[in-house]
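Letters go in sequence order (proteins before strands), and every chain restarts at 1.
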2 protein chains.
Amino acid sequence: MKLISRDTDYAVRALSRIARNGNKISSVSNLAKETAVPRPFLRKILQTLNKKGVVNSSKGRGGGFVLARGADKIYLVELINIFQGPIKLNQCLFKKKICHEVASCVLKSKMDALEKNMISELKSITIAVLI
Amino acid sequence: MKLISRDTDYAVRALSRIARNGNKISSVSNLAKETAVPRPFLRKILQTLNKKGVVNSSKGRGGGFVLARGADKIYLVELINIFQGPIKLNQCLFKKKICHEVASCVLKSKMDALEKNMISELKSITIAVLI
DNA sequence: ACAAAATGATACCAATATGGTATCTTTTAC
DNA sequence: GTAAAAGATACCATATTGGTATCATTTTGT
Ligand code: FES
Ligand code: FES
């Protein structure tokens with residue numbers, strides 16, 4: 001059971017690196033060196049971060065990426081959502097085969113609580129916190 | 001992000017089924033029917049549950065599986081451990097590339113807290129609770 | 001103008017994990 | 001002895017993950 005996949009991990013690394021560089025425009029090549037992430041992979045990651053509005057990109061010579069907002073506004077949970085999909089701990093185990101009382105199911109309610117807690121905790125983790 | 005894999009899911013189903021049957025000895029064939037799980041797969045699952053001491057098996061005609069202990073002593077977290085490995089949310093993201101201050105890292109401490117909470121919550125879920 | 005340096009878009013690939021099947025051996029009840 | 005069960009294990013198909021390659025497009029310095 002891992003919470004954070006490679007993509008998310010690398011995204012965090014790159015984003016905090018950019019933040020450390022004072023949000024100066026940073027090329028993939030530099031970031032790849034600074035974060036020890038394979039260049040083409042990092043590129044793909046930054047491209048999706050761009051599409052999702054986490055960073056802004058500029059093309060052409062001297063181009064690269066900057067954070068689209070303050071590092072304190074980029075939440076870990078958002079990155080997890082982007083690269084790993086929504087956090088869903090509360091999926092019904094029995095698909096109505098056994099536990100029909102979905103409304104009153106202990107498991108489901110516990111999972112719901114867990115999930116809520118988890119998400120709120122993850123929301124308190126931002127890139128700013130990590131640098 | 002899924003918390004519970006198919007194996008664990010099926011294990012829970014089978015175990016609660018056995019529990020419902022009053023912990024009477026139950027064959028894979030019957031359980032497969034009752035839980036709508038593919039028979040050979042369920043068999044594999046029950047075999048590992050047996051190895052791990054969650055159920056006891058008896059071979060030969062009329063054989064099958066029974067719970068090795070009370071349904072209130074079989075914890076969801078244990079099943080997750082068996083089929084999906086230990087819950088480890090707190091893996092260091094930067095493998096010392098960026099965040100060297102492992103001891104004081106915000107991320108790590110938050111993850112630790114989350115993990116603890118999660119495990120303790122999961123410990124409160126037993127097969128008994130689910131039937 | 002033009003070449004270099006950058007991203008955009010996409011297609012591809014390898015390794016691993018997941019979900020499931022098949023087969024053969026061993027044990028036991030009848 | 002035979003049928004019904006589990007034990008052991010090898011195998012397979014599909015999806016996901018992690019990563020590469022390629023070509024097109026944009027920008028800038030000269
Ligand atoms: S396990 Fe499905 S609602 Fe309870
Ligand atoms: S991210 Fe590694 S200890 Fe903080």
Report task. Report which part of the nucleic acid A:Pro38 touches: base, sugar-phosphate, or nothing (heavy-atom distance under 4.0 Å, all strands). Result -> sugar-phosphate
Requested in this report: Quick one: label A:Ser58 by what it contacts on the DNA or RNA (base, sugar-phosphate, nothing), any heavy atom closer than 4.0 Å.
Outcome: sugar-phosphate
Requested in this report: Strictly below 4.0 Å, heavy-atom distances to any atom of DNA chain D: list the hits from residues 59-68 of chain B, or just say none.
Outcome: B:Lys59, B:Gly60, B:Arg61, B:Gly63, B:Gly64, B:Phe65
Report task. Start with the C-alpha gap between B:Leu15 and B:Leu49, add the side-chain angles, then the distance that decides, and say whether side-chain contact (heavy atoms from CB on, under 4.5 Å) holds. Result -> CA-CA 10 Å; B:Leu15 292 170; B:Leu49 284 175; 4.1 Å; yes
Report summary line: Walking DNA chain C from its 5' end, the first of B:Arg39 and A:Lys44 to be reached, judged by nearest nucleotide, is A:Lys44
Query - B:Lys110 atom NZ, over 12 foreign heavy atoms within 6.0 Å - result: yes
**Report entry** A:Arg69 atom CZ, over 12 foreign heavy atoms within 6.0 Å
**Finding:** yes
Query raised in the report: Going by heavy atoms in the side chains, are B:Thr48 and B:Val54 under 4.5 Å from each other?
Result: no
Query - Heavy-atom closest pair, residues A:Leu46 and A:Val55 - result: O-CG2, 3.9 Å
Are the side chain of [X] and the backbone of [Y] linked by a donor-acceptor contact shorter than 3.5 Å?
X        : Y        : result
B:Asn117 : B:Ala113 : no
A:Gln84  : A:Leu3   : yes
B:Glu34  : B:Arg17  : no

Query raised in the report: Looking at B:Tyr10, does any N or O in its side chain come under 4.0 Å of the phosphate oxygens OP1/OP2 on C:dG19?
Result: no
Rounded to the Å, how far apart are [X] [atom1] and [N] [atom2]?
X       : N      : atom1 : atom2 : value
A:Lys24 : C:dA6  : NZ    : P     : 14 Å
B:Ile25 : C:dA29 : CD1   : C1'   : 12 Å
A:Leu49 : C:dT7  : CG    : P     : 13 Å
A:Ile18 : C:dT7  : CD1   : C1'   : 13 Å
A:Phe41 : C:dA15 : CZ    : P     : 16 Å
B:Gln47 : C:dT23 : CD    : P     : 16 Å

Query - Note: B:Asp112-B:Lys116 ion pair, threshold 4.0 Å (strictly below) - result: no
Report summary line: So the contacted stretch of DNA chain D, first to last nucleotide with an atom under 4.0 Å from a non-hydrogen atom of chain A, runs from D:dG18 to D:dG29
